[in-house]
Amino acid sequence: MTPLVSFAERRVIIMKKHVFHKYTINRDNQVEAWFDGDGKPADDFIKEYLINHKRSVEEVIFWQDDVGRMKKYIDVRKEFADLSIAKNIKRNYAFLDIVNGYIERAVRENCIELRPYLVEYKNQLFDDDFIEEAESDLCDYEFELRAPYPYEIFRVGNKVTFGRYYQDSDKELKDLEWTVLDVVDDRALLLTDKVIDCRLYNEEWGRMTWDRCTLREWLNDEFAKLAFQPDELGLIINKRLENKKNELFGTDGGPDTVDKIFLLSCEEAREHFGSDQARRAEATAYAKARGVSDLEGFSPWRLRSPGYKGGCYNAYIYGDGLIERQGHVNNFDGFGIRPAIWIDLSLF
């Protein structure tokens, strides 16, 4: 399991995340453009690909004996080496090992162009004294700590802590754990890892949509003030939400809303989870004490979408993870909540 990361201890800048299959680099236009065009140093997602899939990239470079591509690629390797957790001297030792490895490979594969380029690169970057010291037994192998980089923290499925809420009783607020559901540019969608409370969708029975329900009011008022400090609230985005009709029954979902804190819709619950099993959630002791139901260790949790026709029902996730679009009467007890938020990563 990915270690929990406290937002309060980090200052990060998000990097765009694009995924490329490591065996398709020769057919990927974006990677080809990065190599063969101007390089576009700001394309951090290309750099992430190049470093994480270095084996396939290096195969191309050495097979083609391509100095032009090596110049760009080795700069990327150097940049990532500089971002490592090692102390400065150790970073230089490590990068020297990388360069030496490339020289050995160029000799082994008879790369007529790459070998002299790499030797010259090494001599320009490292002086003789440093090379001699690096090859001795006196290297300093101590490491220093650093805050994780964004692509290490904000991966879909990672768990983070942000804010506080009741866990065991209503007498003590404890760190609130969230799961990263999505990352878009400099924004991340978080959902509480567990069912954290037991709340009615609306206090009174009757036709009701998300824009007018008492649960929405509670989340963006009482809960927000309790769970987050003012500076934490400032990191949460006012997100415009689309409240669609129920796709099975045609029930009106109400107008679009703008919320800091909200529940997922049926569509979002389907989009951000790969299976019913992935949607299953345990409840905290506090939520259970408040009356949330339990099904073999997992609890149902509400969605903001409307349920059965008539508008008196709202949809939810059953204990086994099934999206229940018919829903249940909106003032029926026993259903838990998993609040969701979008946070602005550029403000950390």
Please work out which of the three classes, parallel, tilted or perpendicular, describes the rings of Tyr201 and Trp210, given edges at 30° and 60°.
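Trp210 vs Tyr201 ring planes: tilted.
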When you measure from the side chain of [X] to the backbone N and O of [Y], does any donor-acceptor pair fall under 3.5 Å?
X: Ser169; Y: Lys171; answer: yes
X: Asp259; Y: Ile261; answer: no
X: Arg115; Y: Asn110; answer: no
X: Thr251; Y: Gly311; answer: no
X: Asn330; Y: Gly206; answer: yes

Using the benzene-type ring in the case of Trp, are the ring centres of Phe332 and Tyr313 under 6.0 Å apart?
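Distance test on ring centres: not under 6.0 Å, no.
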Around atom CZ of Arg212, are there more than 12 heavy atoms of other residues, nucleotides or ligands at under 6.0 Å?
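Yes, enclosed.
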As a quick check of understanding, evaluate side-chain contact (heavy atoms from CB on, under 4.5 Å) for Asp66 and Val60, giving each step before the final call.
CA-CA 8 Å; Asp66 192 333; Val60 174; over 6 Å; no
Let's go through Ile343 and Ile237 carefully: what are the C-alpha distance in whole Å and the side-chain angles of both, what is the deciding distance for side-chain contact (heavy atoms from CB on, under 4.5 Å) to 0.1 Å, and is it a yes or a no?
CA-CA 5 Å; Ile343 57 169; Ile237 295 170; 5.8 Å; no
Please determine whether side-chain contact (heavy atoms from CB on, under 4.5 Å) holds for the pair Phe126 and Asn100, giving the CA-CA distance in whole Å, both sets of side-chain angles, and the decisive distance to 0.1 Å.
CA-CA 11 Å; Phe126 306 104; Asn100 282 334; over 6 Å; no
Using a strict threshold of under 4.0 Å (side-chain N to carboxylate O), is an ion pair present between [Y] and [X]?
X: Arg105; Y: Glu59; value: yes
X: Lys78; Y: Asp75; value: no
X: Lys225; Y: Asp221; value: yes
X: Asp168; Y: Lys174; value: yes
X: Glu232; Y: Arg164; value: yes

Using the side-chain contact (heavy atoms from CB on, under 4.5 Å) rule, pick out the option among Tyr318, Phe298, Phe273, Trp301 that qualifies with Arg280.
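Considering Tyr318, Phe298, Phe273, Trp301, a side-chain contact (heavy atoms from CB on, under 4.5 Å) with Arg280 is found only for Phe298.
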Name the residue from Asn158, Thr161, Leu190 that meets the side-chain contact (heavy atoms from CB on, under 4.5 Å) definition with Trp178.
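The side-chain contact (heavy atoms from CB on, under 4.5 Å) with Trp178 is passed solely by Leu190 among Asn158, Thr161, Leu190.
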Is a donor from one side chain sitting under 3.5 angstrom from an acceptor on the other, for Arg325 and Asn246?
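Checked: Arg325/Asn246 side chains show no N/O donor-acceptor pair below 3.5 Å.
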Can you name the nearest heavy-atom pair linking Asp65 to Glu113, along with the distance?
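Reported closest heavy-atom pair: OD2-N, 3.0 Å.
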Give the other cluster members for Leu200, using side-chain heavy-atom distances under 4.5 Å between Ile, Leu, Val, Met, Phe, Trp and Tyr residues; answer none if it is isolated.
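Via sub-4.5 Å side-chain contacts, Leu200 links to none.
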How far does CG of Leu241 sit from CZ of Arg216, to the nearest 0.5 angstrom?
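CZ of Arg216 is found 8.0 Å from CG of Leu241.
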Could you grab the distance from atom CD1 of Ile196 to atom OG of Ser299, nearest 0.5 Å is fine?
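Answer rounded to 0.5 Å: 13.0 Å.
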Would Leu173 and Tyr166 satisfy side-chain contact (heavy atoms from CB on, under 4.5 Å), going step by step from the backbone distance to the final call?
CA-CA 5 Å; Leu173 295 172; Tyr166 303 126; 3.4 Å; yes
